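Scroll down for the structure; my scribbles are underneath it.
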Amino acid sequence: MQRLEAGGSAATAIPLRLRFLAGVLLVAHLLVVGWLTLRPLDVPWAAAANLTPLEGIRADLAYGPLEAARQIGEGLALLAPLGVLLPLVNGRLMLSTLSAWSSVVRTAAAGALVSLSIEMLQTAVPGQVVDVDSVLLNTVGVLLAHVAVVPALRARLRRSHIRSHTVYQGTTPKISRVGLGPWTDVLSAVQREY
């Protein structure tokens with residue numbers, strides 16, 4: 001079996017329709033996140049902004065394990081799909097070890113920037129409070145989703161890509177014996193000088 005390579009970029013790229021679908025899902029997810037986090041809330045009072053790292057998580061833990069798990073889980077899950085959708089939109093399928101680590105770093109940085117942008121926009125929205133722990137939890141959620149899903153997804157896409165581009169050319173013919181070439185008699189008659 002022989003594998004035909006279609007070229008450097010085509011052989012290492014995620015299919016265009018999957019990239020397009022990931023882009024549509026990314027935009028839809030960001031619109032939903034924007035609607036959830038940037039709409040005005042009608043509340044009688046609002047807590048003060050939390051600019052001390054891990055202070056909000058400590059406050060969540062003080063409410064008890066069930067409420068803490070819910071609050072922390074919401075923070076982790078809010079932007080977690082970005083950890084999968086951003087690498088799919090990027091479109092690279094085969095990565096070296098260094099590129100794989102840089103993909104993790106780029107995705108986490110993009111998640112942190114999106115989360116920070118949401119927190120900064122919340123300063124102008126009535127009823128919404130800025131919380132630095134939201135940025136931390138959102139970034140960790142993006143990172144966890146990337147590490148948990150993307151390597152396995154890329155491996156699966158590589159396997160399907162290889163299967164779809166493998167051409168079966170039949171078995172290799174076996175020649176039992178090859179006779180001497182026509183010029184071997186002539187060449188063997190020439191005296192060699194050493």
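Because the structure is a prediction, the values reported are computed rather than measured.
Tracing side-chain contacts under 4.5 Å through hydrophobic residues (I, L, V, M, F, W, Y), one reaches Leu54 starting from Val140; they form part of the same cluster. Val142 and Val89 fall within a single hydrophobic cluster, where Ile, Leu, Val, Met, Phe, Trp and Tyr are joined by side-chain heavy atoms under 4.5 Å apart, directly or via other members. Residues Ile14 and Leu153 share a hydrophobic cluster, clusters being chains of Ile/Leu/Val/Met/Phe/Trp/Tyr side chains in contact below 4.5 Å. Hydrophobic clustering (ILVMFWY, side-chain heavy atoms < 4.5 Å, transitive): Leu78 and Leu25 are in one cluster. Taking hydrophobic clusters as Ile, Leu, Val, Met, Phe, Trp and Tyr residues chained together by side-chain heavy-atom distances below 4.5 Å, Leu136 does not share a cluster with Leu116.
For the atom pair CG (Leu21) and CG (Leu16), the distance works out to 11.5 Å, reported to the nearest 0.5 Å. We find the OG1-CG distance between Thr37 and Leu79 to be 8.0 Å, quoted to the nearest 0.5 Å. Atom CD1 in Ile118 sits 7.5 Å away from atom CD in Gln122 (nearest 0.5 Å). Going from atom CG of Asn138 over to atom CG of Leu113 covers 12.5 Å, rounded to the nearest 0.5 Å.
Side-chain contact between Leu82 and Leu30: present, with at least one pair of heavy atoms (C-beta onward) separated by less than 4.5 Å. Between Leu18 and Leu157, the closest side-chain pair of non-hydrogen atoms falls below 4.5 Å. Two residues are said to be in side-chain contact when any heavy atoms from C-beta on lie closer than 4.5 Å; Leu61 and Ile72 meet this criterion. Residues Trp101 and Val105 fail the side-chain proximity criterion, which asks for heavy atoms closer than 4.5 Å. Contact annotation: the side chain of Leu86 approaches that of Leu26 to within less than 4.5 Å [non-hydrogen atoms, C-beta and beyond]. Contact check for Ser103 versus Thr107: side-chain heavy atoms found under the 4.5 Å cut-off. When side chains are defined from C-beta on, Leu137 counts as touching Ile57, because their heavy atoms get closer than 4.5 Å. A 4.5 Å side-chain heavy-atom check between Val104 and Leu143 finds at least one atom pair inside the cut-off.
Scanning both residues, Leu88 and Ala22, for their nearest heavy atoms gives CB-CB, 3.6 Å. Contact detail for Arg154 and Pro87: the closest heavy-atom pair is NH2-CB, 3.5 Å. Smallest separation of non-hydrogen atoms from Ser134 and Ser115: O-OG, 3.7 Å.
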| query | Going through the checks in order, is the side-chain contact (heavy atoms from CB on, under 4.5 Å) test met by Leu41 and Gln128? | reply | CA-CA 7 Å; Leu41 297 178; Gln128 297 285 355; 3.7 Å; yes
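By the neighbour-count criterion of 12 heavy atoms within 6.0 Å, atom CG of Leu31 is densely surrounded, having more than that number from other residues, nucleotides or ligands.
Checking side-chain atoms of Asp133 against main-chain N and O of Glu55 turns up a donor-acceptor pair under 3.5 Å. Panel note: side chain Ser102, backbone Ser99; a donor-acceptor pair is recorded below 3.5 Å.
For Glu119, the side-chain hydrogen bond (donor to acceptor under 3.5 Å, both in side chains) test picks out no residue, with sequence neighbours left out.
Side-chain heavy-atom separations under 4.5 angstrom define the hydrophobic clusters, and the remaining members of the one that includes Trp35 are Val32, Leu36.
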